[in-house]
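Throughout, a chain's letter reflects where its sequence line sits, starting with A, and its residues are numbered from 1. Because only heavy atoms are used, hydrogens play no part in the values below, and waters and symmetry mates are left out as well, while side chains stay in. None of these values were measured; they are calculated from a predicted model.
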2 protein chains.
Amino acid sequence: MLSKSAEYALRATIYIALKGSEDNKLGIDEIATAIDSPQSFTAKILQLLTKNNGVVSSVRGPNGGFYLTDAARKLPVRAVLEAVGEDGIITKCVLGLKECSESRPCPMHEQYRYIKAQLRQMFEKTTIQDLANESGKGKIVINNRQIKTK
Amino acid sequence: MLSKSAEYALRATIYIALKGSEDNKLGIDEIATAIDSPQSFTAKILQLLTKNNGVVSSVRGPNGGFYLTDAARKLPVRAVLEAVGEDGIITKCVLGLKECSESRPCPMHEQYRYIKAQLRQMFEKTTIQDLANESGKGKIVINNRQIKTK
DNA sequence: ATAAATAAAGACTATTTTATCTTTTTTCAA
DNA sequence: TTGAAAAAAGATAAAATAGTCTTTATTTAT
């Protein structure tokens, strides 16, 4: 469904939204451990998220780390996908046909149209903060375990 | 969304369903050209479809080629995905969490539950023949052009 | 029986994705 | 103003996916 990069990007972003803030920045080691992802690779992905779209903010040096601005929290989840180049799921044809469109639909087009619209809704209407809120509800989980929100 | 293998598998299967039959078997060159896929690679994928699930039938030698039995035409589209190991789209967690479930849902779980069910419906209720029928309706397309059904 | 046509099988190559490791830059605090 | 802590940047490696090419096996028709 999604690439590893996209999965890590989403999980990291949600985790940062949940546990981080401008005065509690999170280090890459904490993040990668929490979301159960390879550290260096996750660092690379966070770089994408910081520059490509300003989804994630970062500062270097002591007490540096990653956090989300209030504005970033309001971004749609799609922004995360776009930052890692993975929004094809809501833009491309299921059969991979370049010219598939309403006027020249592929054999799955009709069936998929509605589902695609739903996916788009999900990724565009849901904000990063929404996911963090879900995650904060206690029973909900990242990395096979619950995140404690103090 | 889907891998190249899955895309070619679906396109090839639809094409074979539409144009082939037990007494009009299709050669790999015709198929690959029609669906605009790399020939040898498509051959490999058709091998998967013939052995893994019996989705596609084949015979070698002169006048050999690929075709679908009547039984195969009634198979759900999911069978094609399974043959190429690509049914994760309807089985796995969006965030890639192994333990995501109803009782331990990830932050996207609620939102995705319904969509996943729709995807499953689509791939399980739709048969290969259904797609071929769609494709036969004239306006519908594989490989950026219309397939003539004589 | 033989030759030709075809898919199957296997070995190989290329590309992309995923992942790691090292060095550099920035920032803070002492 | 120096040392340490962090992310950024860059170089490299490993694994997975995509793709090609060659040989073999099977089938048919002559």
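Comparing A/Ala6 and A/Val59 along DNA chain C, the residue whose closest nucleotide (by nearest heavy atom) sits nearer the 5' end is A/Ala6. Each of B/Gly27 and A/Pro62 was assigned the nucleotide of DNA chain C with the nearest heavy atom; the assignment lying further toward the 5' end belongs to B/Gly27.
B/Leu48 comes within 4.0 angstrom of nothing in the nucleic acid, heavy atoms only. At a threshold of 4.0 angstrom between heavy atoms, the contacts of A/Leu46 with the nucleic acid are absent. Residue A/Ser58 is classed as a sugar-phosphate contact, given heavy-atom separations below 4.0 Å to backbone atoms only. Residue B/Leu26 is classed as a sugar-phosphate contact, given heavy-atom separations below 4.0 Å to backbone atoms only.
Both A/Met122 and A/Ile14 are assigned to one and the same hydrophobic cluster, defined by single-linkage of ILVMFWY side chains at heavy-atom distances under 4.5 Å.
Distance alone, capped at 3.5 Å, is enough to place a donor-acceptor pair between the B/Arg73 side chain and the B/Ala17 backbone.
Considering only side-chain atoms of A/Ser40, the nucleotide from D/dA25, D/dA18, C/dT20 that sits closest is C/dT20. Comparing D/dA18, D/dT26, D/dA8 against the side chain of A/Arg60 picks out D/dA8 as the nearest. Candidate nucleotides D/dA7, D/dG19, C/dA29 were compared by shortest atom distance to the side chain of B/Pro38, and D/dG19 ranks first.
Phosphate contact (OP1/OP2 of C/dT20, side-chain N/O of A/Lys44, threshold under 4.0 Å): absent. Applying the 4.0 Å criterion to OP1 and OP2 of D/dA8, one finds that A/Thr50 has a side-chain N or O inside that range. Remark: B/Tyr8 is not in phosphate contact with D/dA18, judged by side-chain N or O atoms under 4.0 Å from OP1 or OP2. Contact between the side-chain N/O atoms of A/Gln47 and the OP1/OP2 oxygens of D/dA9 is found at a separation under 4.0 Å. Within the 4.0 Å cut-off from OP1 or OP2 of D/dT17, not a single side-chain nitrogen or oxygen of B/Ser5 is found.
By the 6.0 Å contact criterion, NZ on A/Lys92 is open, its count of non-hydrogen atoms from other residues, nucleotides or ligands being 12 or less. Other residues, nucleotides and ligands contribute only 12 or fewer heavy atoms inside 6.0 Å of the NZ atom of B/Lys4.
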